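First the structure, in the form of structure tokens, and then the observations on it.
Numbers here simply count residues along the sequence, with the first being 1. Small disclaimer: the values here were computed from a predicted structure and weren't measured.
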Amino acid sequence: MLRIVLSQGWYIVCYGLAIYLLNLLLAFLQPKFDPSLQDDLLADEIEEGGSEQNVPVLPSQRDDEFRPFVRRLPEWQFWLSSTRATLISLFCTSSEIFDVPVYWPILVVYFCVLFALTMRRQIQHMIKYKYIPFDIGRKARYGGSK
């Protein structure tokens with residue numbers, strides 16, 4: 001960002017990097033086994049005359065089996081891909097070929113709207129299927145009572 005602001009150019013490179021990082025963030029926040037996809041498969045099987053017992057579902061009660069949150073994009077791959085993309089974009093800013101003249105406020109507004117709509121949909125998905133990709137607030141205490 002500092003390179004883009006100081007040089008006042010290469011806005012398309014910055015926008016492309018931001019879109020790619022948003023895509024990586026979404027993959028990082030989503031579960032590997034998507035419950036909405038499982039619901040669609042269950043509905044298709046019921047329509048074809050199958051039974052509901054054959055399709056595995058996520059636990060819905062406290063007594064159900066605990067299944068840890070498995071990310072679609074592991075943390076290491078997330079950091080590796082984002083670092084690689086940042087380095088490639090820095091390399092692209094050294095060439096005049098990628099300095100396409102654009103009106104940058106439109107790109108900023110469009111990215112902000114895209115980010116807000118995408119994250120809103122992702123948060124609604126998290127609330128609907130009751131999963132949280134972070135372990136904020138979960139304190140496991142083992143041993144004696146303190």
Is there a path from [X] to [Y] through hydrophobic residues (I, L, V, M, F, W, Y) whose side chains come within less than 4.5 Å of each other?
X	Y	value
L21	W79	yes
M119	Y110	yes
L25	L114	yes

Give, for atom [atom1] of [X] and atom [atom2] of [Y], the distance between the pair rounded to the nearest 0.5 Å.
X	Y	atom1	atom2	answer
R84	L24	CZ	CG	10.5 Å
F98	C14	CZ	SG	14.5 Å
R3	W10	CZ	CH2	5.5 Å
R72	Q30	CZ	CD	4.5 Å
T83	L87	OG1	CG	7.0 Å
L17	I4	CG	CD1	8.5 Å

Within-4.5 Å side-chain heavy-atom neighbours: S81 and Y20: yes
Side chains of R120 and F115 in contact at under 4.5 Å (non-hydrogen atoms): no
Any residue meeting side chain to side chain donor-acceptor pair (under 3.5 Å) with Q77, in chain and number order, not counting sequence neighbours: none
By side chain to side chain donor-acceptor pair (under 3.5 Å) - contacts of R121 (at least two apart): none
Option from V102, V100, V108 for which side-chain contact (heavy atoms from CB on, under 4.5 Å) with Y11 holds: V102
Derivation of the side-chain contact (heavy atoms from CB on, under 4.5 Å) call for L73 and L29: CA-CA 8 Å; L73 180 68; L29 292 177; over 6 Å; no
Quick check against the 3.5 Å criterion: does [X] have a side-chain atom that pairs as donor or acceptor with the backbone of [Y]?
X	Y	value
D99	G9	no
S95	C92	no
T93	L90	yes

Partner residues of F78 under the ring-ring contact (aromatic ring centres under 6.0 Å, His included) criterion, sequence neighbours left out: F28
Over 12 non-hydrogen atoms of neighbours within 6.0 angstrom of CD in Q124: yes
